[in-house]
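All heavy atoms count here, side chains included; hydrogens, waters and symmetry mates do not. Residues take their numbers from the sequence shown, with the count starting at 1.
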Amino acid sequence: MIVVHHLNNSRSQRVLWLLEEMGLPYEVKRYERNAHNMLAPPELKAIHPLGKSPVIEDTADGALVAETGAIIEYLMEGHPGSPLKPAPGTAAARRWTYWLHYAEGSAMPPLLLKLVFGQLPHRAPG
């Protein structure tokens, strides 16, 4: 069984979507951000020292895996033959790896900056 440590307004929706697509059983442990500062609660920081989400816990072997790309790779390695991941060594597999890392490495920074700077007018003093 996979336990997904899910923080509201986080990237863990992608992991939940993947688990659904793979048809794997999972449980969601929900955490709510502090409404004032949007930080993770202490309960999640007990799971991940930075209070990051997503984090999955595999109850079969006790593995605790953080970071979306690492979680995706962990789940795919544990379930070889999934139609969601192309065969190794193929052009399709190289594209799959590219897009897996593109999401966090290239796409997410500008989106995060937009989110942060979009909040400044509402949260900045004065």
Side-chain angles (χ1 to χ4, degrees):
M1 171 73 72
I2 301 291
V3 178
V4 179
H5 295 275
H6 172 74
L7 179 63
N8 67 313
N9 297 325
S10 73
R11 299 178 212 172
S12 60
Q13 287 91 344
R14 291 183 270 182
V15 174
L16 297 173
W17 182 14
L18 177 62
L19 289 164
E20 284 291 325
E21 290 293 327
M22 293 179 76
L24 298 176
Y26 64 93
E27 174 187 328
V28 178
K29 182 154 185 182
R30 293 187 52 83
Y31 302 88
E32 295 293 320
R33 293 180 183 278
N34 178 303
H36 178 68
N37 60 22
M38 298 302 289
L39 295 177
E43 297 83 11
L44 183 56
K45 289 182 180 181
I47 302 297
H48 188 288
L50 298 176
K52 297 293 183 180
S53 177
V55 174
I56 65 165
E57 185 177 350
D58 189 338
T59 59
D61 64 5
L64 198 62
V65 184
E67 298 296 339
T68 306
I71 291 169
I72 291 169
E73 289 194 33
Y74 175 84
L75 292 171
M76 290 293 160
E77 285 176 11
H79 300 86
S82 169
L84 299 175
K85 184 175 181 182
T90 63
R94 287 188 295 278
R95 279 193 308 276
W96 185 90
T97 300
Y98 170 80
W99 288 111
L100 174 65
H101 295 285
Y102 171 83
E104 294 296 322
S106 295
M108 192 50 63
L111 293 173
L112 184 60
L113 287 172
K114 182 177 179 177
L115 175 70
V116 169
F117 287 116
Q119 290 297 313
L120 281 178
H122 308 290
R123 296 181 181 263

Residues in ring pair (Phe, Tyr, Trp, His ring centres under 6.0 Å) contact with Trp17, at least two apart in sequence or another chain: none
CA sep, side-chain torsions, deciding dist, call: Glu27, Lys29, salt bridge (charged side-chain N to carboxylate O under 4.0 Å, His left out): CA-CA 7 Å; Glu27 174 187 328; Lys29 182 154 185 182; over 6 Å; no
Partner residues of Arg94 under the salt bridge (charged side-chain N to carboxylate O under 4.0 Å, His left out) criterion, sequence neighbours left out: none
Residues in salt bridge (charged side-chain N to carboxylate O under 4.0 Å, His left out) contact with Arg33, at least two apart in sequence or another chain: none
Is there a path of hydrophobic side-chain contacts, each under 4.5 Å between heavy atoms of I/L/V/M/F/W/Y residues, joining [Y] to [X]?
X     : Y     : answer
Val3  : Ile56 : no
Leu64 : Val4  : no
Leu16 : Leu18 : yes
Val28 : Tyr31 : no

Side-chain donor or acceptor of Thr90 paired with backbone N/O of Ala93 under 3.5 Å: yes
Donor-acceptor contact below 3.5 Å, side chain Trp96 vs main chain Leu84: yes
Non-hydrogen side-chain atoms of Met1 and Glu57 separated by less than 4.5 Å: no
From CE (Met38) to CD (Glu32), nearest 0.5 Å: 9.5 Å
Side-chain hydrophobic cluster, 4.5 Å single linkage: members besides Leu120: Leu113, Phe117
For residues 67-76, which side-chain N or O atoms pair as donor and acceptor with protein atoms under 3.5 Å away, sequence neighbours left out?
from, atom 1, to, atom 2, distance (Å)
Glu73, OE2, His101, NE2, 3.4
Tyr74, OH, Asp58, OD2, 2.6
Tyr74, OH, Asp61, OD1, 3.3
Tyr74, OH, Asp61, OD2, 3.1

Report all side-chain donor-acceptor pairs from residues 45-55 shorter than 3.5 Å, counting only partners two or more places apart or in another chain.
from, atom 1, to, atom 2, distance (Å)
His48, ND1, Leu50, N, 3.1
Ser53, OG, His5, O, 2.9
Ser53, OG, Leu7, N, 3.2
Ser53, OG, Ser10, OG, 3.4

Non-hydrogen atoms of Leu39 and Asn37 that approach each other most closely: N-OD1, 2.9 Å
